[in-house]
Number of protein chains: 2
Amino acid sequence: MAVSERGPRERMVFSAAQLIRRDGVAATGMREVAAHARAPRGSLQHYFPGGKEQLVNEAVDWAGRYAARRVDRFLAALAEPTPAGLFAQMVRQWTDEYEAAGFGGGCPVAAATVDRAGSVASTREAASAAFTHWTGAVARALSGMGVPEERAEPLATLMISSLEGAILMARAERDVRALTAVSRELGPLLDAAVGGTGAR
Amino acid sequence: MAVSERGPRERMVFSAAQLIRRDGVAATGMREVAAHARAPRGSLQHYFPGGKEQLVNEAVDWAGRYAARRVDRFLAALAEPTPAGLFAQMVRQWTDEYEAAGFGGGCPVAAATVDRAGSVASTREAASAAFTHWTGAVARALSGMGVPEERAEPLATLMISSLEGAILMARAERDVRALTAVSRELGPLLDAAVGGTGAR
DNA sequence: CACTCCTTATGACCGCTGTCATAGTAGCGG
DNA sequence: CCGCTACTATGACAGCGGTCATAAGGAGTG
């Protein structure tokens, strides 16, 4: 969470992602981003000549890469990797945050999609790319665990979809119930896909 | 889609839901809602003295009841009801819309959660209530199909979560891929819960 | 007609937001 | 010291959005 030790430009992208995931894209102002990043207001114009659109897109891009990196890290940390174990970790990241810091934040990519998918083409594409990145990381992990190639990507999509949806429900309800439910219910299905043929 | 044949008040709530699901809460203006509903601007103040907050909350509430009603209707229309069949219908409603009308709209409850959960308590509660309504309808349907009581609600949560998440991904990607994937992958798990004991 | 209640009409206000223009400072190679 | 580039500082502006104040239609009812 430490913001410092990075250039002002990167700090602003990071702050944008944080504010977007809390308040949504529309409610996040540029001046606010600069203040949050403790960066000078004048730098906005300098580093992001494309304006808010560029800043938002970079924040979404950053979030997608971050999510993919997290997946790789979860995978590496698992003593004995299973699909259910990976999914449990992905969910746990959110339950931990919500229990420790409250239900203030959601997923920045989801926020960008809701607020901008219909109006700003480049942002919609950034969100799409972020989901693709993330899904790719999960699918590769599944493949590495023995899930048949043709099921890895659909299962990764299912994992991310249910996680995103559960995040929404958890924020609305201020309760991690939905998150724990999807983790528990989906686990067996995921593990059952290991080593099988392509059969559903 | 026909807006007419209802009082101006109800039309405005309906229009608000439509605009919110397309553009998000913050980007939806009150004047715009009135115009879309072909209702006089002055009526906003009259019917919604609580301002935008009240209008948004009622739109979310409406969306929750609508979703629950749809579930009941899907259930009634199924010749031979199965959990996977119900879920397929729920997903199909979205693929049909996206293929027929484009990827312009998402779920209004999701939009309200993303844009307001952190800032407006009453709206967060409205979203929570909407999810509860919806989940309840699905859980009752599952119970009626023979799913054990203690798994009906978690499975309903999983269905709605993955549907919401897949909606997000579909909008971002402008492709129904995610929706069809979750429907296909989740189906067998859902049907396997019929008649079983509580065992996961 | 008078009175009353539900509904509409309008215009103004104020705060905020993204963006631009313009000018300033800092460091550095020459 | 010059000149150049990278960055920062500010103020203005035009637009929009939610809200309020105020007043007017308009249909019943007595």
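This structure is a prediction, so every number in the text was calculated from the model and none was measured. Naming convention: chains lettered A, B, ... in sequence-line order (proteins, then strands); numbering from 1 in each chain.
- The CG-P distance, from A:L19 to C:dT17, rounds to 12 Å in whole Å.
- Residue pairs meeting the salt bridge (charged side-chain N to carboxylate O under 4.0 Å, His left out) criterion with at least one partner in residues 71-96 of chain A, sequence neighbours excluded, are A:R92-A:D96.
- If you take NZ of B:K52 and C1' of D:dC20, they are 17 Å apart, rounded to a whole angstrom.
- Residue B:Y47 contributes atom OH, which lies 11 Å from atom P of C:dA9 at whole-angstrom precision.
- Straight-line distance from the CG atom of A:L55 to the C1' atom of C:dG18: 12 Å, rounded to whole Å.
- In terms of heavy atoms, B:Y47 sits closest to B:Q54 at O-NE2, 3.8 Å.
- Around atom CZ of A:R22, no more than 12 heavy atoms belonging to other residues, nucleotides or ligands sit under 6.0 Å away.
- Atoms CZ (B:R9) and P (C:dC6) sit 14 Å apart, rounded to a whole Å.
- Under the 30°/60° scheme for interplanar angles, the aromatic rings of B:Y98 and B:F103 are found to lie parallel.
- A heavy-atom distance below 4.5 Å is found between the side chains of B:L186 and A:L186.
- Residue A:H46 places none of its side-chain N or O atoms closer than 4.0 Å to OP1 or OP2 of D:dT8.
- Dashed line: the shortest gap from a side-chain N or O of B:S43 to OP1 or OP2 of C:dT8 is under 4.0 Å.
- Atom CD of A:Q54 is separated from atom P of C:dT19 by 10 Å (rounded to the nearest Å).
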What protein N or O atoms touch nucleotides 11-13 of chain C N or O atoms at under 3.5 angstrom, if any, and at what distances?
unit_1, atom_1, unit_2, atom_2, d
C:dG11, N7, B:R41, NH2, 3.2
C:dG11, O6, B:R41, NH1, 3.2
C:dG11, O6, B:R41, NH2, 3.4
C:dA12, N6, B:R31, NH2, 3.4

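- The separation between B:M12 atom CE and D:dG18 atom P is 14 Å, rounded to whole Å.
- Spacing between atom CG of A:L44 and atom P of C:dG18 amounts to 10 Å, rounded to whole angstrom units.
- Counting non-hydrogen atoms of other residues, nucleotides and ligands closer than 6.0 Å to CZ of A:R177 gives a total above 12.
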